[in-house]
Structures are given as C-alpha cells and as structure tokens.
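These notes are about the structure you will find just below.
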Amino acid sequence: MRNMLDRSLGAANFGGFWRHWNPIWSYGLARYIMAPLTRAIPFPAALVLTFAASGLVHDLVIMALRRELALLFTPWFVLCALLVVLGNRLGWRVTHKPWAVRAALNLFQLAATAGIAMFTMDKFGLW
C-alpha cells in the first residue's frame with residue numbers, strides 16, 4: 001500500500017498517477033476494456049471511454065447501495081481522462097520537481113476534477 005501511494009502520488013504526470021493508483025484494477029481495465037477499444041478507435045478516445053467505464057462501475061456500486069440514481073464517478077473519471085489526454089498531448093511532466101510538489105499537483109488535479117464533477121452533478125440533482 002505504501003509503495004502504491006508513493007508511486008501514484010509522486011508520479012511525474014497525471015497519467016502516471018492513474019497507472020500506479022490501483023495496479024490490479026488498472027490491469028483489468030487495460031486488458032479487457034482499453035486493449036479492445038484501441039483496436040477500433042484512436043488511443044485518446046479509448047482512454048476516455050476506459051475511464052468512463054471505470055467510473056460507471058463505481059457509480060453502479062453507489063447506486064446499488066443508495067437504491068437511487070447517483071452519478072459522480074463517471075463524470076469525474078471522464079474529466080480526469082481528459083486531463084490525462086491533454087497532459088500527454090502537451091507533454092506535461094514534472095519529473096524534475098521534488099516528490100512533495102508532484103504529489104501536491106496530482107492531488108490538486110484530483111480535487112479540482114472531483115469538485116467540478118460534484119458541483120455539476122449536484123446542479124442536475126444526480127448526486
């Protein structure tokens with residue numbers, strides 16, 4: 001657990017954060033969703049759809065527990081995926097920064113996307 005947190009929070013970019021965040025879940029997503037999608041559509045679109053699928057699974061668990069419609073993780077993870085795609089496209093990397101700075105940037109991106117998703121879903125009464 002400590003290694004997972006160290007690697008994910010200290011990743012040089014947001015894509016690296018997600019690769020290290022939950023390695024077992026990431027492997028399953030990569031093998032069963034991402035790989036088939038990349039055979040049919042461009043990588044960035046496959047990445048966004050893979051994040052959306054992961055978010056939907058998380059939302060389905062919440063909906064099963066609450067017994068009502070609740071969408072938070074799907075839009076949140078889509079926003080995260082868009083940041084990963086943008087970061088990859090622009091070559092955003094902070095390899096040269098200390099671990100604490102990288103961790104703060106990754107946490108900021110998580111918090112910002114979560115805040116936007118929560119605000120938006122609350123406006124539509126979906127959370």
What is the distance from atom CG of L72 to atom CG of D122, rounded to the nearest 0.5 Å? 10.0 Å

To the nearest 0.5 Å, tell me how far M118 CE sits from I116 CD1. 12.5 Å

Evaluate the ring planes of F73 and H58, with Trp represented by its six-membered ring, and classify them as parallel (under 30°), tilted (30 to 60°) or perpendicular (over 60°). tilted

Looking only at heavy atoms, the pair that brings A35 and T38 closest together is O-OG1, 2.9 Å

To the nearest 0.5 Å, what is the distance between CE (M34) and CZ (F51)? 8.5 Å

Between L29 and I24, is there shared hydrophobic-cluster membership here, with clusters defined by ILVMFWY side-chain heavy atoms closer than 4.5 Å? no

Going hydrophobic residue to hydrophobic residue with side-chain gaps under 4.5 angstrom, can you get from V57 over to Y32? no

Between T74 (side chain) and L56 (backbone), is there a donor-acceptor pair under 3.5 Å? yes

Test item: W92 side-chain N/O and F14 main-chain N/O as donor-acceptor pair under 3.5 Å: no

To the nearest 0.5 Å, tell me how far L9 CG sits from L105 CG. 11.5 Å

Rounded to the nearest 0.5 Å, what separation is found between the CG atom of L37 and the CD1 atom of I41? 5.0 Å

Within the side chain of R102, is there an N or O that forms a donor-acceptor pair under 3.5 Å with the backbone of K97? yes

I'd like to know if L60 and M121 are part of one continuous hydrophobic network [Ile/Leu/Val/Met/Phe/Trp/Tyr, side-chain heavy atoms within less than 4.5 Å]. yes

Ignoring hydrogens and angles, write down the donor-acceptor pairs under 3.5 Å from the side chains of residues 76-87, residues two or more places apart or on other chains.
from, atom 1, to, atom 2, distance (Å)
W76, NE1, L110, O, 3.4
W76, NE1, T113, OG1, 2.9

For R89, is the CZ atom crowded, meaning more than 12 foreign heavy atoms sit under 6.0 Å from it? no

Linked, directly or transitively: I33 and F43 (ILVMFWY side chains, under 4.5 Å): no

Distance col, row L71:CG vs D59:CG, nearest 0.5 angstrom, shows 5.0 Å

Hey, does the side chain of T120 reach the backbone of A117 with a donor-acceptor pair shorter than 3.5 angstrom? no

Is a side-chain donor or acceptor of N13 paired with a backbone partner of R93 at a separation under 3.5 angstrom? no

Closest non-hydrogen atom pair between A70 and M63, with its separation: N-CG, 3.3 Å

